[in-house]
Amino acid sequence: MRWWCRCSTGSSTSRCCGTDTRRPPWWPRPSTWSRPGSRRRRCVTTALSPRSSSTAVEDLRNRVERLAQALQQAGLDVRVGDDEGAILWGKLNFLAPLTLLTTHEDAAAGVVRERRRKELAAVIAEVAGVARAEGAPADEHGVLQFFDRVPARMQSSMQRAAAAGRPTELDAIGGAVVRRAARHGIPVPVTARLVDQLRARGPASSQETR
């Protein structure tokens, strides 16, 4: 059992999800963005995964609910859920197009959604199709709307890593989508092309699971 929350303040909205220490290799580092006159913001993931008695599970659920209430009282929009597939694929459905296109374009989210809108919509749709094949719900329209609301200056950690010449999580994010798609026989041509082109640029992607 896992819990997640979606938090937002004003126009700056982030999705914060949780999993255990055995998280998937594509589980992201926080994305970072800033606005003029504001401090840098991060979307931070947390981990909650009870495996013991029903009493311990209920106790942890109560603590999560209290945390959600405290965040709501602070003015955040918080939603608690326990569908792991929806959590992970919901995160990836936004993360994959964000990381692939901001890194490929070497530009922030605002530039991507203006210059690369067709590819953005295509990648979102492709990831959503794979998510459904995996048994998770997907909402392409909702993801695109969310992308349109994020600050124009928002960058992905993979974009920053590539710009600095550091290993990226290309294989763990975009590569994961392509591999899962192949398992289900689902074509993902735009996602696969972006992954191939970014891989050709180097440096080698990191497959380390943190």
Side-chain angles (χ1 to χ4, degrees), residues 6-17 26-45 76-77 88-132 137-166 168-178 181 186-203 205:
R6 178 180 182 276
C7 311
S8 66
T9 53
S11 62
S12 298
T13 305
S14 62
R15 289 184 178 179
C16 306
C17 310
W26 51 263
W27 194 258
R29 295 173 178 170
S31 294
T32 304
W33 68 91
S34 61
R35 293 180 299 171
S38 69
R39 291 179 297 177
R40 177 168 288 186
R41 298 168 178 263
R42 282 184 180 270
C43 172
V44 181
T45 60
L76 299 177
D77 174 21
L88 299 182
W89 280 101
K91 183 83 173 183
L92 190 57
N93 208 167
F94 171 75
L95 183 70
L98 173 71
T99 57
L100 293 176
L101 286 167
T102 56
T103 306
H104 195 276
E105 185 72 17
D106 191 19
V111 175
V112 165
R113 65 191 175 210
E114 292 179 3
R115 294 182 185 172
R116 311 284 292 270
R117 189 151 191 97
K118 288 185 178 180
E119 289 169 290
L120 172 62
V123 175
I124 290 173
E126 289 175 0
V127 179
V130 179
R132 293 190 187 97
D139 178 11
E140 299 97 317
H141 183 64
V143 173
L144 187 58
Q145 284 187 325
F146 179 76
F147 203 106
D148 284 339
R149 291 197 303 270
V150 302
R153 294 164 63 91
M154 183 177 182
Q155 297 178 316
S156 67
S157 60
M158 191 163 82
Q159 175 192 357
R160 296 192 303 275
R166 299 192 303 268
T168 71
E169 294 179 310
L170 173 63
D171 187 69
I173 298 175
V177 174
V178 174
I186 299 173
V188 287
V190 180
T191 303
R193 174 175 56 80
L194 291 170
V195 169
D196 288 344
Q197 291 177 351
L198 288 171
R199 184 176 288 124
R201 293 181 187 179
S205 60

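Residues take their numbers from the sequence shown, with the count starting at 1.
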From [X] atom [atom1] to [Y] atom [atom2], the distance as rounded to the nearest 0.5 Å:
X    : Y    : atom1 : atom2 : value
T102 : H104 : OG1   : NE2   : 11.5 Å
D196 : R201 : CG    : CZ    : 12.0 Å
T99  : L170 : OG1   : CG    : 8.0 Å
S156 : L95  : OG    : CG    : 8.0 Å

Kindly indicate, with the supporting measurements, whether the criterion side chain to side chain contact (heavy atoms under 4.5 Å, CB included) is fulfilled by M154 and L98.
CA-CA 9 Å; M154 183 177 182; L98 173 71; 3.9 Å; yes
Write down the atom of G142, the atom of D139, and the distance for their closest heavy-atom approach.
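What the structure gives for the nearest pair is N-OD1, 3.0 Å.
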Using every non-hydrogen atom in the two residues, find where M158 and T168 come nearest and quote the distance to one decimal.
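Taking every non-hydrogen atom into account, CG-CB, 3.5 Å.
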Table please: side-chain donor-acceptor pairs of residues 117-132 below 3.5 Å, with sequence neighbours left out.
unit_1 : atom_1 : unit_2 : atom_2 : d
R117   : NH1    : R113   : O      : 3.4
R117   : NH1    : D148   : OD1    : 2.9
R117   : NH2    : D148   : OD1    : 3.3
R117   : NH2    : D148   : OD2    : 2.7
E119   : OE1    : R116   : NE     : 2.4
E119   : OE1    : R116   : NH2    : 3.3
E119   : OE2    : R116   : NH2    : 3.2
E119   : OE2    : R193   : NH2    : 2.8
E126   : OE1    : T191   : N      : 2.9
E126   : OE1    : T191   : OG1    : 2.6
E126   : OE2    : V190   : N      : 3.1
R132   : NH1    : E140   : OE2    : 3.2
R132   : NH2    : A138   : O      : 3.2
R132   : NH2    : E140   : OE1    : 2.6
R132   : NH2    : E140   : OE2    : 3.3

Tell me, do [X] and [Y] make a side-chain contact under 4.5 Å, heavy atoms counted?
X    : Y    : answer
I173 : L100 : no
F147 : V143 : no
L92  : V177 : yes

Evaluate the side chain to side chain contact (heavy atoms under 4.5 Å, CB included) criterion for residues Q159 and D106: first the C-alpha distance (whole Å), next the side-chain angles of each, then the deciding distance (0.1 Å), finally the verdict.
CA-CA 6 Å; Q159 175 192 357; D106 191 19; 3.8 Å; yes
